[in-house]
Amino acid sequence: MTSFEIQRLRFAREQVNAWAPQDRRNTNWPVVYVLDGATPFARKDEPARSVYVGESINAAARMRQHLDSPEKTLLTELRVIVDPSFNKSVCLDLESYLIRMLAGDGGFRVMNRNDGITDADYFDRERYRETFRQVFDELKDQGVFTRTIPEIENSDLFKLSPFKALTDDQAAAVEDIVEGLFDDLESGESSTIVIQGDPGTGKTIVAIFLLKLLKDIEVSTDLEDLDSDSFFSEFFTEGYRELLADLHIGLVIPQQSLRESVKRVFRKTPGLRADMVLTPYEVGESDRHFDVLIVDEAHRLNQRANQSSGMQNKKFKEITERLFGADDVSKTQLDWIRAKSRHQILLLDSAQSVRPADLPIEVLSALVDSSRIDGRHFRLATQMRVEGGADYVSYVRRLLGAESAFEPVARADFPGYDFRLFDSLQGMRSEIERRDALDGLSRMVAGYAWEWKTKTDKTAFDIELDGVSLRWNSSETDWIAKPGSLREVGSIHTVQGYDLNYAGVIIGPDLRFDQESQRLFVDRDSYRDKKGKENNPVLGKIYDDDDLLRFVVNIYAVLMTRGIRGTYVYVCDDALRDHLRGFIPTAPR
């Protein structure tokens with residue numbers, strides 16, 4: 001039986017004063033409340049209404065505090081969620097849940113400070129989670145939410161929101177990083193911090209969370225709603241804010257698709273702006289020096305190589321000359337980041353390098369080693385994406401030889417995770433379509449083993465295989481959310497950094513298996529990404545088949561770790577398909 005009620009009243013002093021004595025729970029009971037109203041000075045690209053979510057054991061007193069707050073003067077409606085079974089832990093959890101869902105819904109500008117939402121457990125939590133869903137439904141009926149829970153949870157606004165509940169290792173890393181950064185700001189020392197993590201450990205979440213936390217500390221003047229028990233509350237005290245005053249902070253994201261998705265989130269988040277999200281080229285060309293640069297997917301920063309356009313080749317040379325006085329071809333985009341900032345926070349996973357132009361493995365290894373020596377290295381271990389867990393990610397990498405060179409692999413099963421090998425591409429496509437109808441966010445992805453004909457001929461098909469005709473992604477930005485993406489196939493460049501509920505992975509003829517040597521090998525002629533296999537004459541580097549194999553298996557390891565609930569695999573090479581039968585459950589014919 002539902003025992004909660006949602007009390008609604010106008011957010012005004014006379015209304016609050018009249019409401020307060022009507023029920024003792026208004027002044028002495030743990031509750032959660034939602035305040036909303038017009039967004040002051042709303043820009044064209046941000047929501048016209050703002051919302052604030054809080055919890056208190058004395059709601060009436062807290063409302064009077066809010067009524068004295070200049071930043072909440074345009075809020076006009078109050079909803080108080082009361083339940084006779086609520087306690088402090090439940091209210092903190094419900095507050096966190098509603099903040100996350102409102103940020104993901106995108107209908108409101110969420111005014112809450114990011115002082116540390118953590119995923120704390122408590123007695124009978126699962127039972128309360130059902131109450132939370134009922135609260136959500138009633139608030140949706142009242143117009144607070146515009147989308148359903150699955151629609152919100154499948155959106156980039158939700159997945160890339162700065163209002164995330166951090167895992168223990170994420171929260172510990174953020175706390176140590178911010179504490180160290182404040183020490184360096186106070187002493188004037190420069191610093192380089194490295195955060196490593198496998199796919200799904202939340203590197204992008206940490207990057208976004210860090211930037212939002214630093215901006216919230218910088219502008220925090222109204223602390224009446226600060227919970228002293230929150231994870232990062234100590235940083236909102238006197239002294240820290242002054243250290244961040246007028247600091248120039250940016251978030252660098254090398255991949256175009258992910259960068260545009262994060263910009264969209266920043267447009268809806270107070271304290272953040274889309275122009276804080278930068279390309280490496282924008283950093284190099286900027287007239288300003290940055291105090292802090294956070295670099296997500298730092299392994300995708302480029303070394304000097306033939307870039308994807310003549311203009312970028314020209315820019316690479318000009319930026320290097322401008323920063324270092326001469327065109328030093330040994331300089332990389334990482335060197336630009338260092339030259340343009342005093343403090344760098346780099347999030348990386350060297351096993352996700354997918355092109356020769358990416359930073360060399362030796363540069364990444366040296367970066368990790370030096371950060372360990374300096375005590376500025378952090379490791380994220382908790383698997384947040386794949387329900388198969390960290391063991392599944394490791395298994396896939398070992399299966400493809402991406403974790404250690406072709407070591408023998410023992411078969412493993414992952415109960416509750418839908419991992420299947422398909423003999424029929426049409427069968428896998430049908431299952432992805434079925435899953436998308438049931439759960440949403442299910443897509444086909446593939447290695448770059450087919451020419452992109454539809455880039456110039458929209459009537460053509462790119463992948464014609466096993467009686468099925470398919471096209472590559474028609475959009476290079478935010479492809480997963482675009483209408484029609486279910487009927488297309490995403491490449492590594494449109495899905496790296498993103499989550500799917502179910503991923504249907506086509507392993508193309510570029511990756512094959514030699515039955516005699518029991519080794520994987522690459523079919524160079526079948527690998528169609530020209531930038532993914534070309535040599536580097538500027539640096540005198542020639543990439544042989546072993547080098548290319550490393551990039552190709554990294555690509556497939558990334559593709560096979562996109563699926564939250566399941567991964568389906570179709571393999572073109574007969575020998576490789578037969579080999580994988582011993583390691584992946586086969587779907588019924």
Side-chain angles (χ1 to χ4, degrees), residues 147-148 150-160 255-258 260-261 264 385 418-511 526-529 555-556 558-572 577 587-589:
R147 296 191 286 174
T148 65
E151 287 171 338
I152 291 172
E153 291 180 340
N154 285 335
S155 71
D156 287 341
L157 284 176
F158 179 81
K159 293 178 180 295
L160 299 173
Q255 306 104 295
Q256 179 186 7
S257 183
L258 183 60
E260 293 306 312
S261 295
R264 192 168 61 256
R385 176 190 296 137
D418 194 359
F419 186 34
R420 286 187 269 166
L421 181 69
F422 282 76
D423 288 326
S424 161
L425 180 56
Q426 181 56 54
M428 185 171 83
R429 183 187 189 187
S430 297
E431 186 65 3
I432 285 292
E433 290 173 346
R434 187 179 78 86
R435 287 296 184 182
D436 189 72
L438 290 171
D439 305 297
L441 210 63
S442 302
R443 300 290 183 269
M444 300 270 283
V445 296
Y448 210 153
W450 293 271
E451 295 285 354
W452 194 358
K453 300 174 187 174
T454 53
K455 196 167 190 177
T456 55
D457 181 2
K458 301 303 180 186
T459 65
F461 288 96
D462 300 300
I463 302 171
E464 298 186 85
L465 182 65
D466 195 25
V468 179
S469 297
L470 300 165
R471 293 186 173 99
W472 279 121
N473 46 271
S474 55
S475 172
E476 293 184 70
T477 59
D478 195 28
W479 168 74
I480 286 169
K482 287 286 193 299
S485 58
L486 180 60
R487 298 185 297 275
E488 299 174 345
V489 180
S491 75
I492 182 66
H493 305 302
T494 56
V495 301
Q496 191 169 23
Y498 287 92
D499 295 343
L500 294 167
N501 284 330
Y502 292 87
V505 182
I506 304 172
I507 299 181
D510 52 340
L511 187 63
S526 294
Y527 185 54
R528 304 296 183 174
D529 186 351
I555 288 169
Y556 285 116
V558 170
L559 297 180
M560 290 174 68
T561 52
R562 298 302 94 191
I564 297 170
R565 303 177 187 179
T567 299
Y568 306 144
V569 182
Y570 176 85
V571 184
C572 292
R577 189 186 314 121
R589 294 177 184 273

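Between D436 and R443 there is a salt bridge, since a side-chain N of the basic residue sits under 4.0 Å from a carboxylate O of the acidic one. With respect to R420 and E431, a salt bridge is recorded, a charged nitrogen being found less than 4.0 Å from a carboxylate O. Taking 4.0 Å as the cut-off between side-chain N and carboxylate O, R264 and E260 do not count as a salt-bridged pair.
Residues N501 and S442 come closest through the heavy atom pair CB-OG, 4.3 Å. Listed here is the closest heavy atom pair of G490 and W479: N-CH2, 3.3 Å. Residue R562 comes nearest to G497 through the heavy atom pair NH1-N, 3.3 Å, listed as atom of the first residue, atom of the second, then distance. For the pair S257 and D478, the tightest heavy-atom approach, listed with the atom from each and the gap, is OG-N, 3.1 Å. Among all heavy-atom pairs drawn from C572 and I506, the shortest one is SG-CG2, 4.4 Å. Between F158 and I152, the shortest heavy-atom distance links the atoms CB-O, 3.0 Å.
Here the side chain of K482 pairs no donor or acceptor atom with the backbone of E476 at under 3.5 angstrom. Under a 3.5 Å cut-off, the side chain of N473 and the backbone N or O of E488 do not form any donor-acceptor pair. W472 places a side-chain N or O within donor-acceptor distance of the main-chain N or O of W450, the cut-off being under 3.5 Å.
Using a 4.5 Å cut-off on side-chain heavy atoms (C-beta onward), E153 and L441 make no contact. In this structure the side chain of R147 reaches within 4.5 angstrom of the side chain of L157, judged on heavy atoms. You'll find the side chain of L486 reaches within 4.5 Å of the side chain of I432, heavy atoms only. Using a 4.5 Å heavy-atom cutoff, the side chains of L465 and L470 are not in contact.
Using modelled atom types and a 3.5 Å distance limit, the side chains of S430 and Q426 yield a donor-acceptor pair. Looking at D156 and Y498, their side chains never bring a donor and an acceptor atom within 3.5 Å of each other.
Going from atom CG of L258 over to atom CG of L160 covers 6.0 Å, rounded to the nearest 0.5 Å.
Every pair tested for salt bridge (Lys or Arg N to Asp or Glu O under 4.0 Å) that includes a residue from residues 454-475 fails, sequence neighbours excluded, so the list is empty.
The only option from D439, D418, L500 that meets the side-chain contact (heavy atoms from CB on, under 4.5 Å) definition with R565 turns out to be D439.
Shown here are the side-chain hydrogen bond (donor to acceptor under 3.5 Å, both in side chains) partners of R487, two or more places apart in sequence or in another chain: there are none. For the side-chain hydrogen bond (donor to acceptor under 3.5 Å, both in side chains) test, residues two or more places apart in sequence or in another chain that qualify with R385 are D499.
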Test side chain to side chain contact (heavy atoms under 4.5 Å, CB included) applied to Y556 and V571, step by step:
CA-CA 11 Å; Y556 285 116; V571 184; over 6 Å; no

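For the pair R577 and Y570, the distance from NZ or CZ to the six-membered ring centre is under 6.0 Å and the angle to the ring normal is within 45 degrees.
Taking the six-membered ring where tryptophan is involved, the planes of H493 and Y448 are perpendicular, since the angle between them exceeds 60° and thus also 30°.
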